[in-house]
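In what follows, chains carry the letters A, B, and so on, assigned in the order in which the sequence lines appear, proteins first and then strands, with residues in each chain numbered from 1.
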Protein chains: 2
Amino acid sequence: MPDAERPLLPLLDDPPRQRRDAARNRDAVLQAALCLVAREGAPAVTMESVAEAAGVGKGTVFRRFGNRQGLMAEVLHQSELEWQASVIGGEPPLGPGAEPLARLLAFGRSRLELNLRHADLIEAAAGGDRRSHPAWAFAALHVRHLLGECGVAGDLPLLATALLAPLDVTIVRQQLREGYPADRIVAAWSDLARRVAAAAD
Amino acid sequence: MPDAERPLLPLLDDPPRQRRDAARNRDAVLQAALCLVAREGAPAVTMESVAEAAGVGKGTVFRRFGNRQGLMAEVLHQSELEWQASVIGGEPPLGPGAEPLARLLAFGRSRLELNLRHADLIEAAAGGDRRSHPAWAFAALHVRHLLGECGVAGDLPLLATALLAPLDVTIVRQQLREGYPADRIVAAWSDLARRVAAAAD
DNA sequence: AATGAAAGCGGACCGCGGTCCGTTTGACCC
DNA sequence: GGGTCAAACGGACCGCGGTCCGCTTTCATT
């Protein structure tokens, strides 16, 4: 559908326009990856299998997405959109309308659940910098915003990161493996969040 | 030197005694790995190069250490011994003798420095479970202990993990990459630690 | 329609982590 | 010493991530 506008606004999209086959292939690869990950789980999906399912060569997959992490990051991004929408505009207490602290606590529980649900994908998408992923940036920004609304004084971006850190998949998984029940992990995180948010107001 | 005692105390070490060549090879591999990592950095060290340097076959390296992470974990362990000693018995404020809160703050700064210094090695040793490594377990236990001495009430083991989490290599590296200076990261962590420790007493 | 150039393509190729299995070595007993 | 057996060895082998380069497709221009 954007094609229909092209002739009418030829000035806006010209600089780096990409060839049509490139766009088509990129889309095919992403769809194939999405499908394969859903069906077989991220760890079982190889770059070659994605290429084959998309009907392209292996080189094409790497050209479009850089490496395995890049591809998985894109898949993860698709899977996170719905959740992000419900944080921004969904029901309270996760969405807007509740007290900031209540939203923060709901956020923690919800994010922890999601981290576990997408665990394999997150780990597959995680390079040395799991935190440069859009999903992480979104979460960090949101926590920072809520802390601000709670009236917390201090280094908000770094405090936000510090609050997010213990929710990380690898940490939570390890805690579960050590026998801590999920409820207790959530409770401990809530405790932490309250301590951080308590300093002000 | 333990050899000298063997004949005198034949009862203590018999159950799973390992063959002499096995022990010798394990040692040679570890030495070679230590040396190579120091000289070329962890990322550049391949399992095959370690095997060759140790004068053994590749299979032997894998048999002794399981996989690359296992080997790197062992190398890391060696590198952390000195620091652990200085935490347990070194000078205050890191070592014993200072106030618990002061020790905690000193611990954070010191651990952060060490994480950066050993960054490559830590990442190489990190499997899905970076936190099952002895070095991590040691740190967690120590923080838990200090929190207890601070009079903190709550879920100490999980709070300790939560405090440790933001010191993780990948997080700190990302923050540096985003332009936050190291001092500020340390300050933010100290702030966090104080908020956690402030609830009691 | 013809043409030139560059963006894109794909599969042969490489290196490394990890496995497998036939062979060797060391420990223990006679 | 000789015999036996399990533990250990080592290198050929495999699969996957990632690169490279000669060939093809697209698109702007005329």
Proximity to DNA chain C (any heavy atom under 4.0 Å), residues of residues 32-52 of chain A only: none
Using modelled atom types only, decide if a donor and an acceptor are shared between the side chain of A:R144 and the backbone of A:A139 within a distance under 3.5 Å. no
B:K58 side chain, from C-beta outward: closest of D:dA12, C:dA12, D:dC27: D:dA12
Where the side chain of B:R195 meets the backbone of A:V196, is there a donor-acceptor pair that is under 3.5 Å apart? yes
Answer with base, sugar-phosphate or nothing: what part of the nucleic acid does A:R26 contact at a heavy-atom distance below 4.0 Å? nothing
B:R63 atom CZ is separated from C:dT24 atom P, nearest whole Å, by 16 Å
Salt-bridge criterion met for B:R173 and B:E123 (N-O under 4.0 Å): yes
Step-by-step side chain to side chain donor-acceptor pair (under 3.5 Å) determination, B:H118 to B:E80: CA-CA 9 Å; B:H118 293 170; B:E80 294 259 322; 3.2 Å; yes
With heavy atoms under 4.0 Å as the rule, sort B:R19 into base, sugar-phosphate or nothing. base
Residue of the set B:V45, B:V75, B:T46 for which side-chain contact (heavy atoms from CB on, under 4.5 Å) holds with B:L36: B:V45
C:dG8 phosphate, OP1 or OP2, under 4.0 Å from A:R20 side-chain N/O: no
Checking the side chain of A:S86 only, and the main-chain atoms of A:W83 only, is there a donor and an acceptor separated by less than 3.5 Å? yes
